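Beneath this line is the structure, given in structure tokens, with notes to follow.
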Amino acid sequence: MSSDKYIHENVENKIYSYWEEKNLFKPKSNKKQFSIVIPPPNVTGSLHMGHALNNSIQDLLTRYHRMNNFETLWQPGTDHAGIATQALVEKKLKAEGIDKNDLGREKFIEKVWEWKGQYGDIIINQLKKLGCSCDWSRNAFTMDENLSKSVLKVFVEMYKKGLIYKSKKLVNWDTVLKTAISDLEVDQREVNSKLYHINYPIEGTDKFITIATTRPETMLGDTAIAVNPSDERYKSLVKKNVIIPIVNRKIKIIEDEYADPEQGTGAVKITPAHDFNDYEVGERNNLEIINIFTPDGKINENAPKNYIGLDRFEARKRILKELSDKNLLVKEEKIKNKVPYGDRSNSIIEPYLTEQWFADAKKLSIKAKDIVNNKTTNFFPANWTKTYFQWMDNIEPWCISRQLWWGHQIPAWYGPDREIFVDETEEGAKKKAKEHYKKDVELIRDPDVLDTWFSSGLWPFATLGWPEKNDFLDKFYPTSVLVTGFDIIFFWVARMMMFGMEFQNKEPFKNIYVHALVRDEKGQKMSKSKGNVIDPLELIEKYSADALRFTLLSMASPGRDVKLSEDRVKGYRNFLNKIWNANNLLIQNDCKFENIKKA
Amino acid sequence: MWHSFCDWYLELSKTIFYSENNQNIEETRNVASYVFAQILVILHPFIPFLTEEIWLKNKLDKDGEDFLMLKNWSDATATKDKDYDEVNEIIEFVSAIRSFKNEIEISPGSFVNILIDKINPNTKEFIERNLNTLKKIGRINEFLNEDIKKPSANLIIKGEIFKIYFDEDIELSKIKTTLLNKKSKIEKEMERINTKLNNKSFIERAPNDIVEQEKSNFINLEKDVNKLNYTLESL
């Protein structure tokens with residue numbers, strides 16, 4: 001009966017199945033409740049060390065409360081991860097020689113569901129290996145029927161209240177994924193760039209005005225040159241016409257505060273369609289907006305013939321050559337500046353004028369800030385509160401539409417005159433349209449889907465059954481604790497708080513435990529390029545899930561990163577042996593455990 | 001917990017199990033089981049698999065109804081009484097012997113005899129009460145009341161003098177060298193601290209608690225040197 005060594009491989013799976021068979025992860029009725037919603041890992045994901053730490057902490061809290069007379073629920077699930085999943089399946093199909101556009105939307109989505117069926121549970125099984133005691137009978141998926149219903153309901157309600165609206169604005173455009181992304185998903189990276197000083201000839205003279213730019217290709221869309229009203233150098237040139245080289249279009253020199261006499265030459269070229277600041281200058285001065293890019297970042301038909309179809313960076317090279325040939329390129333300056341990159345595609349983001357759906361994040365942020373101010377919801381460690389407010393106080397409108405196929409399709413239909421009808425169902429929209437047009441019309445549904453973080457924001461109450469009235473929602477919402485890394489405080493935590501207050505009028509969680517990162521033993525971030533990534537699954541196999549959990553948990557003190565080394569895990573594995581041996585000793589000496597149950 | 005339970009408690013328990021006193025054995029069995037079970041409960045949220053496996057193996061699960069997963073944490077608070085203190089004294093005594101062996105670099109497994117003619121009566125009684133335990137765990141052959149002609153060294157434990165006799169194979173000269181080396185290392189360190197403490201600018205500039213720390217370090221090192229001296233003299 002008592003074996004000499006503790007062989008975890010023989011124990012862990014067996015015990016886990018045992019617990020599952022006996023339904024021990026289901027909440028057991030009791031006076032007090034304790035609930036946690038899992039940060040849903042992407043359906044494309046595989047367990048990494050961050051997951052291991054995050055879920056070990058949650059399991060610790062869950063088990064502890066379960067053993068202390070709490071009715072305990074740990075709500076599990078996965079996220080459909082719009083861009084990530086679509087990109088992955090697209091790649092897979094491409095490798096098989098299939099292009100998603102040949103398949104068409106419906107068939108492509110079928111393929112994604114197929115893929116999800118095959119691979120989507122991998123991470124769930126890995127969580128089980130770690131010993132996570134989630135109530136798997138409630139395993140949710142952001143695209144399952146319940147959650148999809150919730151998403152549509154939220155959208156429609158917010159639209160009715162004016163919290164969601166459509167607008168033609170300059171957005172962050174990813175030319176590789178061909179979709180808008182939110183400002184959160186843009187990574188501003190400092191790079192070495194060149195600042196080009198270019199001469200624009202002034203009409204009717206042999207004089208020039210010099211502008212400086214890091215993106216010469218945008219000159220194809222210039223609609224003005226701006227100088228500061230106080231800049232003496234240019235006072236005589238205001239209102240004069242200037243001819244854009246290569247394009248040969250006439251534009252005016254205008255006065256605007258945006259031009260800084262101390263920066264560059266003091267004269268800036270204005271391209272309202274392709275720069276956020278220029279767009280505002282354009283609005284103030286009623287400038288024309290000329291879009292010169294196609295969705296995949298090539299020059300479009302609004303440019304001179306020999307530039308049409310060129311990649312934007314190729315166009316840049318050609319323009320510089322042409323300018324240099326014409327002696328209009330005054331100089332090239334080496335500088336350092338920040339360039340926006342899409343964090344998913346790693347491509348340079350182009351500001352692009354499109355019609356998108358937006359959520360009024362500012363309005364939503366009010367109640368979400370209140371609950372932190374009045375300590376209804378608390379960050380632990382407390383210093384994250386400051387970070388939270390820094391972002392919430394400066395929040396921008398949230399671009400929620402994505403030009404993708406995989407995700408929650410926006411419940412908006414368009415009539416022949418582009419009138420919008422928003423409803424949870426097609427029938428509902430058709431009804432509204434009939435009332436409007438006084439006859440049956442053909443409606444086309446908006447092809448775009450919602451930002452993945454939109455559905456994630458509903459997680460705490462949607463997984464508990466909303467909008468169906470049920471006692472789980474009453475019992476377990478607000479949830480007790482949210483355990484998360486700091487990197488998704490804005491993407492996810494803040495949004496859950498906003499949606500939670502808007503739709504439940506109650507905070508989604510009473511406490512937010514922000515844990516640190518797991519780094520290598522030298523304290524460096526784990527990255528593939530550094531070759532220092534430690535795979536938790538390997539450690540589990542080698543030393544046991546118990547040893548890994550214990551190592552991570554014992555090193556996870558608030559605010560401090562965990563410096564993980566394999567030796568530590570080995571050490572804790574030895575601790576397991578000690579306990580096993582202790583048990584053997586007691587058994588060998590005939591310690592009768594039954595007797596102590598009454599003690 | 002690791003340290004307390006596994007190392008000490010189990011070692012102490014072993015002596016009882018291997019003794020002939022049946023009543024003690026039974027009591028120890030029950031206490032050990034109880035303590036161990038509580039430990040499993042406390043550890044469970046951290047290391048659920050191992051703890052559950054042991055729980056079930058020991059048939060702590062009656063009729064498939066009771067799993068460690070759903071067991072309740074005990075609210076029992078440990079009461080400190082004189083037995084608790086006694087155990088602490090045993091641990092202290094044995095630890096002193098062990099670190100002494102470590103310091104003079106003789107094998108921890110080697111046995112010694114100890115002369116206790118100069119210690120006070122209370123301590124003598126303590127040793128008598130716990131004779132078996134101390135002998136077993138401390139690796140002591142005998143506690144002696146009369147001096148014997150064997151290589152030995154003096155050790156001070158909690159202010160009392162114990163003469164430790166080594167096994168035949170121990171080379172006293174080697175031990176002496178080891179101790180002298182240790183002593184000179186400590187004295188060098190004391191010298192360094194002394195210089196620091198005599199440096200006016202250090203006293204003025206360093207924060208108060210650092211200065212106090214250095215002072216207390218010095219005093220501790222002084223105590224160590226005195227102990228070493230005492231032992232050296234006896235060799």
Side-chain angles (χ1 to χ4, degrees), chain A residues 1-3 6 8 10-16 18-19 22 24-25 28 56 59-69 130-133 544-550 552-554 572 574-597 599, chain B residues 1-11 13-19 22 25-62 64-76:
Chain A
M1 189 173 96
S2 83
S3 38
Y6 176 59
H8 62 269
N10 293 345
V11 169
E12 296 194 331
N13 285 336
K14 177 187 78 171
I15 293 279
Y16 199 88
Y18 193 59
W19 288 331
K22 308 267 177 193
L24 296 181
F25 302 148
K28 258 188 151 183
S56 295
D59 198 44
L60 174 67
L61 291 171
T62 303
R63 285 179 185 272
Y64 173 79
H65 283 89
R66 204 182 271 126
M67 293 169 93
N68 275 286
N69 297 318
L130 193 59
C132 296
S133 56
S544 84
D546 279 341
L548 177 63
R549 290 168 65 116
F550 212 2
L552 292 173
L553 290 171
S554 59
Y572 279 98
N574 289 336
F575 177 62
L576 298 185
N577 283 333
K578 271 212 172 186
I579 301 184
W580 188 253
N581 293 335
N583 186 48
N584 285 344
L585 172 71
L586 295 180
I587 292 176
Q588 280 163 15
N589 286 282
D590 292 322
C591 288
K592 302 248 185 309
F593 290 88
E594 306 95 66
N595 299 339
I596 61 102
K597 274 176 62 74
Chain B
M1 189 235 95
W2 185 341
H3 190 66
S4 303
F5 184 77
C6 293
D7 293 350
W8 287 107
Y9 185 81
L10 290 180
E11 281 213 61
S13 308
K14 270 191 217 163
T15 66
I16 300 184
F17 288 139
Y18 299 153
S19 78
N22 283 332
I25 292 180
E26 195 56 32
E27 185 184 323
T28 305
R29 277 206 192 112
N30 287 336
V31 172
S33 321
Y34 179 72
V35 169
F36 192 63
Q38 295 315 306
I39 287 175
L40 290 177
V41 170
I42 292 174
L43 283 180
H44 182 72
F46 296 86
I47 48 179
F49 291 113
L50 172 70
T51 49
E52 183 78 83
E53 171 75 355
I54 294 179
W55 188 269
L56 296 174
K57 261 182 71 146
N58 290 327
K59 305 252 191 297
L60 289 158
D61 161 31
K62 238 188 187 159
E65 260 178 31
D66 176 28
F67 311 86
L68 181 53
M69 253 197 70
L70 299 179
K71 188 85 179 81
N72 277 322
W73 273 43
S74 159
D75 304 69

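Here the structure is a predicted model, which is why all the values come from computation and not from measurement.
Each of Phe550(A), Tyr64(A), Tyr572(A) was checked for a side chain to side chain contact (heavy atoms under 4.5 Å, CB included) with Phe46(B), and the lone residue meeting it is Phe550(A).
To the nearest 0.5 Å, atom NE2 of residue His8(A) and atom CG of residue Leu50(B) are 11.5 Å apart. One finds the CG atom of Leu576(A) at 11.5 Å from the CZ atom of Phe49(B) (value rounded to the nearest 0.5 Å). From Leu60(A), atom CG reaches atom CD1 of Ile47(B) across 11.5 Å, with rounding to the nearest 0.5 Å.
Of all heavy-atom pairs between Met67(A) and Met69(B), the closest is CG-O, 3.3 Å.
Contact annotation: the side chain of Ile39(B) never approaches that of Ile579(A) to less than 4.5 Å [non-hydrogen atoms, C-beta and beyond]. At least one side-chain heavy atom of Pro48(B) sits less than 4.5 Å from a side-chain heavy atom of Arg549(A).
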Determine, step by step, whether Ile15(A) and Leu56(B) satisfy the side-chain contact (heavy atoms from CB on, under 4.5 Å) criterion, reporting the C-alpha distance in whole Å, the side-chain angles of both residues, the deciding distance to 0.1 Å, and the verdict.
CA-CA 10 Å; Ile15(A) 293 279; Leu56(B) 296 174; 4.0 Å; yes
Under the criterion side-chain contact (heavy atoms from CB on, under 4.5 Å), I'd like the reasoning laid out for Glu12(A) against Glu53(B): C-alpha separation, chi angles, the key distance, then a yes or no.
CA-CA 9 Å; Glu12(A) 296 194 331; Glu53(B) 171 75 355; over 6 Å; no
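For the options Leu552(A), Leu24(A), Val11(A), Asp59(A), heavy-atom pairs under 4.5 Å to chain B are most numerous at Leu24(A).
Side-chain atoms of Trp19(A) and Glu52(B) form a donor-acceptor pair, as typed in the model, at a separation below 3.5 Å.
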